[in-house]
Amino acid sequence: MKIATWNVNSLKVRLPQVIAWLQENPVDALCLQELKQETDKFPLDAFKELGYQCAWTGQKTYNGVAIISKQTPLDITLNNPFFPDEQQRLISITVPSAIGDIRIICAYCPNGSSLESDKYTYKLEWFRALHQYLEQQLQKYPNLAVLGDYNVAPEDRDVHDKYSGDILVSPSEREAFQRLLDLGLSDSFRLFEQEEKSFSWWDYRMMGFRRNAGLRIDHILLSRPLRDLCTECVIDKQPRRNEQPSDHTPVIATITI
DNA sequence: ATGGCATCATTTTGATGA
């Protein structure tokens, strides 16, 4: 099976690209972030026509997450039960498979803005609560996949040379990300040999993509049983070359079940 | 030091993102 994550930066604007991508890449599950669309505006029919089912939660203007899946999503959980939050950033589903149920979690982690910002405090609190939720989920679901925009570049090799900011790479953010791995999750991209300077996001400004001035902040984390079955993880740069692209591009993991 | 681009909401400018 293949599972993927893509921050689309407005599903309304990007829907034709998402549909085209799914036709080219008929993954079993696609996690979307930054729908920027109210829940009742979700384009369910467009995905149904492709034979997909959906679980989603949205809000006006900001955030919003969805999981598009071939299997019927079961046990849909919106948000984090340990962290009351107006912002729609987290959704979980369960799908059946030959190795038993697989829990798929789609996350749009906060950006943080700057280290001095209240949004940064919120980001770290959000990660702490995510840690608590994943710890509980791992006990319940041994086959766990957590996909999304983490807004953390875990290591220096995940950051282009000229990046001058401290947000997304600060020690506290990296520690928060590492603490998720310490639960027994693996960054699937790093299970395999990869090209140097592999990124999943490029700034719209200053020709970021053309210069490959990017960051790797979109990740697929896998629990041990799924990690052992994971045979590939790739970043698909093609959608970033589209007209009117998202600033993020999809990451895809293959799990050979 | 700042803005640079894109999106959204309400406008001729601001908030947010990363």
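Within every chain, numbering begins at 1; the chains are lettered A, B, ... in the order of the sequence lines, protein sequences first and strands thereafter. These values consider heavy atoms only, across backbone and side chains, with no hydrogens, waters or symmetry-generated copies. Keep in mind it's a predicted model, so treat the numbers as computed, not measured.
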Q: If you only use heavy atoms from C-beta on, which nucleotide in B:dC5, B:dC8, B:dA6 is closest to the side chain of A:R14?
A: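 Nearest to the side chain of A:R14 among the choices is B:dA6.
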Q: Using OP1 and OP2 only, check whether a side-chain N or O of A:H248 sits under 4.0 Å from B:dG17.
A: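 The answer is no; no side-chain N or O of A:H248 sits under 4.0 Å from OP1 or OP2.
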Q: Side-chain donor-acceptor pair under 3.5 Å between A:Q53 and A:T72, yes or no?
A: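 Their side chains do contain a donor-acceptor pair, which is all the 3.5 Å distance test asks for.
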Q: Check every atom of B:dG4, B:dC5, B:dA18 against the side chain of A:M206 and return the nucleotide holding the closest atom.
A: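 Selected nucleotide (nearest to the side chain): B:dG4.
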Q: Looking at every strand, decide which applies to A:N151 at a 4.0 Å heavy-atom threshold: base, sugar-phosphate, or nothing.
A: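 Sugar-phosphate: the residue A:N151, judged by heavy atoms under 4.0 Å, touches backbone atoms but no base.
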Q: Any base atoms under 4.0 Å from A:Y108, or only sugar-phosphate, or nothing? Heavy atoms, all strands.
A: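 Sugar-phosphate contact only.
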Q: Among B:dA6, B:dA18, B:dA9, which is the nearest nucleotide to the side chain of A:Y204?
A: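 Nearest listed nucleotide: B:dA6.
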Q: Indicate whether OP1 or OP2 belonging to B:dA18 is found under 4.0 Å from a side-chain N or O atom of A:N7.
A: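 True: A:N7 side-chain N/O within range (under 4.0 Å) of B:dA18 OP1/OP2.
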Q: Taking any strand in view, what nucleotide pairs with B:dT13 in a Watson-Crick or G-U wobble way, both distances under 3.5 Å?
A: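 With both distances under 3.5 Å, B:dT13 matches B:dA9.
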Q: Is there a donor in the side chain of A:Y141 and an acceptor in the side chain of A:S223, or the other way round, less than 3.5 Å apart?
A: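 Distance-only check fails for A:Y141 and A:S223.
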Q: DNA chain B: A:C109 or A:T61, which has the more 5' nearest nucleotide?
A: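 Nearest-nucleotide comparison on DNA chain B picks A:T61.
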Q: Is there a side-chain hydrogen bond (donor to acceptor under 3.5 Å, both in side chains) between A:Q33 and A:D149 once you walk through the steps?
A: CA-CA 7 Å; A:Q33 302 88 38; A:D149 175 0; over 6 Å; no
Q: Ignoring backbone atoms, establish whether A:S10 has a side-chain N or O less than 4.0 Å from OP1 or OP2 of B:dC8.
A: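 For B:dC8, OP1 or OP2 has a side-chain N or O of A:S10 closer than 4.0 Å.
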Q: Just checking, is any N or O donor in the side chain of A:S198 or A:E195 under 3.5 Å from an acceptor N or O on the other one?
A: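 No, no side-chain donor-acceptor pair sits under 3.5 Å.
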